[in-house]
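Taking it in order: structure first as structure tokens, then the write-up.
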Amino acid sequence: MVPSWRDLGVFMQLLPRSSTGERMNPYTSIWTGVTPGDGPQQFHLVLLDNGRTAVLADETGRQTLHCIRCSACLNVCPVYERVGGHAYGSVYPGPIGAILSPQLTGIEDNASLPYASSLCGACYDVCPVKIDIPSVLVHLRARHVEAAREGRRLPRGEAVTMAAASWVMASRGRFTAAQRAAKLGRAVGRRGQIRRLPPPFAGWTEARDMPVPAAMTFREWWRREHRPEDGARG
Amino acid sequence: MSARDEVLSRIRTAIGNTPGEGGKEVTSPRAGAVPHDYRLRRDADPGELLDLFAGRLADYKATVRRTTPSQLAAAIGEALTQRGARRVVVPPGLDLPTLPAGVEAVADAQFTPAELDTFDGTITAVAAAIAETGTIILDGSPDQGRRAISLVPDYLLCIVRASQVVALLPEAITRLRPDRPQTWISGPSATVDIEFERVEGVHGPRTLEVIIVEPS
Ligand code: SF4
């Protein structure tokens, strides 16, 4: 919906250029109710909410409703290029589908969509109405994690791991100790890769190898490169 | 509560816009303050404007003829002869010069789509034209007629007067009446929406021809 007839001019210029790169689409029809003797003599307009007021209520997510369905974000998306339209499980494929569908149907029904993105931002770059799709994706990931936490009495492995990581990273001493401990992993590596991690991390190496931790941490390297006699603080 | 009230009240709740004192609606302070700081007009001399318009049309594979008021009848006759069109439908309000012998122009009498399909083509005037996008706009005025006559026959011949051509789309918007049934045409009808296969004649005629009438 646009505020006035005049404002339609903005979108008549944006839509074809963003959609197919044409100056203008071949045919556009404009209807203002019924014209006696020309075309249909009865006109009904149905306003359908279909979850959209729920989208409107979310301050970060509501920009999704600005979409003019030009499909520019689909055409540049590296994920869409690989997986194609059907993978999005709704009539809205591509980056816009990844943020619209979970908001329309509830995140639980489309929980994987907000994660199916590298957050490269190509969609935001091309969007003619400047929908910040990457930010909405991150926002929806957070909503999904929160919804999942509320639905459970015991925290999941992932939540426990994240909480532990946050505790370790919050202190310099703990972080240094953890890095030192991680270096033990070099002992089990072969040719720079660890094929199998022990539980509870086994899931990570089910489908991929894990590179062995570096022989030296960044801080150790920094200390070596910037000795006090070079005038730098260690 | 009607469905309409329900949807509207949900929208108000969603944007935190509840009716204020005495049920008066609180409107957004931004309402009505849409900035129009994009290109709204382009000053070009008339000849340059018509060249641009004709070039865009040709780029869309429409046939373009340029003529003067005194040569209009000859130009129409030439166009129809080359097309092989002998019987065309015209809006009742279109003021046409006398056409050459052998061409029959029939005023639209609320023909059915099947009847319209028996015509070799349609001739109409236009409401406005946009040079930059090569767009012709019909608005159902008496010299343009019902939408159906411009859509069903497979050949459309539009007569555009030089004064009707503007440079940019926003200029055309200010000339048009939003309450008219409009059809915006930019080149012959074609789409690649389905599987990138080009299909012609989907929304309207496959052949578009434009006669630009310039003051002599
Ligand atoms: S999100 Fe933006 S780029 Fe994608 S279809 Fe909608 S308007 Fe176009």
Side-chain angles (χ1 to χ4, degrees), chain A residues 1-17 19-41 43-59 61-65 69-71 75 84-85 103 128, chain B residues 3-4 6-16 30-34 36 38-40 56 59-60 110 130 132-135 137 139-140 145-149 151 168-174 176-193 200 202-204 208:
Chain A
M1 232 185 268
V2 295
S4 72
W5 166 246
R6 192 179 171 196
D7 300 317
L8 183 67
V10 177
F11 293 96
M12 290 295 295
Q13 294 183 90
L14 281 182
L15 184 56
R17 294 172 197 189
S19 178
T20 53
E22 290 173 298
R23 288 181 206 104
M24 184 53 67
N25 49 310
Y27 267 74
T28 305
S29 294
I30 293 164
W31 302 84
T32 318
V34 169
T35 309
D38 190 351
Q41 294 304 300
F43 185 90
H44 299 265
L45 181 69
V46 179
L47 295 179
L48 191 64
D49 183 330
N50 203 20
R52 281 173 174 76
T53 46
V55 183
L56 190 63
D58 180 331
E59 282 191 22
R62 67 168 63 138
Q63 54 181 313
T64 310
L65 299 174
R69 306 279 181 271
C70 72
S71 77
N75 292 334
Q103 296 190 81
Chain B
R4 176 196 159 97
E6 195 185 324
V7 171
L8 291 179
S9 94
R10 275 203 239 169
I11 291 174
R12 283 195 197 96
T13 314
I15 58 178
R30 276 161 44 101
V34 178
H36 294 276
Y38 47 94
R39 261 187 344 152
L40 293 173
R56 294 296 199 229
D59 189 39
Y60 296 144
Q110 293 285 326
I130 307 165
E132 196 184 58
T133 57
T135 303
I137 300 157
D139 76 352
R146 297 184 296 144
R147 275 187 217 261
I149 68 166
L151 297 176
L168 305 181
L169 191 147
E171 294 172 70
I173 289 266
T174 57
L176 294 164
R177 280 188 41 196
D179 58 347
R180 303 290 314 165
Q182 297 174 20
T183 309
W184 296 34
I185 305 166
S186 307
S189 163
T191 181
V192 288
D193 274 359
E200 297 181 338
V202 191
H203 341 69
L208 174 68

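In the text below, chain A, chain B and the rest are named by the order of the sequence lines, each starting its count at 1.
Residue A:E59 qualifies as open at atom CD: its count of foreign heavy atoms under 6.0 Å is 12 or below.
A distance of 7.0 Å separates CD1 in B:I11 from CG in A:D49, rounded to the nearest 0.5 Å. Here the CZ-CD distance, from B:R39 to A:Q13, works out to 7.0 Å after rounding to the nearest 0.5 Å. Remark: A:T53 OG1 to B:R10 CZ distance equals 4.5 Å, nearest 0.5 Å. Interatomic distance, CD of B:Q110 versus CG of A:D38, reported as 8.0 Å (0.5 Å rounding).
Only the side chain of A:R62 comes within contact range of chain B, with at least one heavy atom under 4.5 Å from a heavy atom of that chain. Contact of B:D139 with chain A is not made at all, since no heavy-atom distance falls under 4.5 Å. There is no contact between B:E6 and chain A, counting heavy-atom distances below 4.5 Å. With a 4.5 angstrom heavy-atom cutoff, B:R4 does not touch chain A via any of its atoms. Residue A:T35 touches chain B through its side chain alone, counting heavy-atom pairs closer than 4.5 Å. Neither the backbone nor the side chain of A:D58 comes within less than 4.5 Å of any heavy atom of chain B. Residue contact with chain A, scored on non-hydrogen atoms closer than 4.5 Å, involves the backbone and the side chain of B:S189 alike. If you measure heavy-atom distances from B:L40 to chain A, the contacts under 4.5 Å come from the side chain alone.
Smallest separation of non-hydrogen atoms from B:L176 and A:W5: O-NE1, 3.7 Å. Across every non-hydrogen atom of A:P26 and B:P188, the tightest pair is CB-O, 4.1 Å. Considering every non-hydrogen atom in both A:R6 and B:I173, the closest pair reads CA-CG2, 3.9 Å. Scanning all heavy atoms of the two residues, the minimum distance from A:I30 to B:R147 falls at O-NH2, 2.8 Å. Taking all atoms of both residues into account, the shortest heavy-atom contact from A:M24 to B:S186 is CG-OG, 3.0 Å. Scanning both residues, B:L151 and A:Y27, for their nearest heavy atoms gives CD2-CE2, 3.7 Å.
Of the residues considered (B:T183, B:T191, B:L169, B:L168), B:L169 shows the highest number of contacts with chain A, using heavy-atom pairs under 4.5 Å. With chain B as partner, the option from A:T28, A:V34, A:L48, A:T32 having the largest number of non-hydrogen pairs under 4.5 angstrom is A:T28.
B:D59 places a side-chain heavy atom less than 4.5 Å from the side chain of A:R23. Contact check for A:M12 versus B:W184: side-chain heavy atoms found under the 4.5 Å cut-off. For the pair A:E22/B:T133, no side-chain contact is recorded, criterion being any heavy-atom separation below 4.5 Å from C-beta on.
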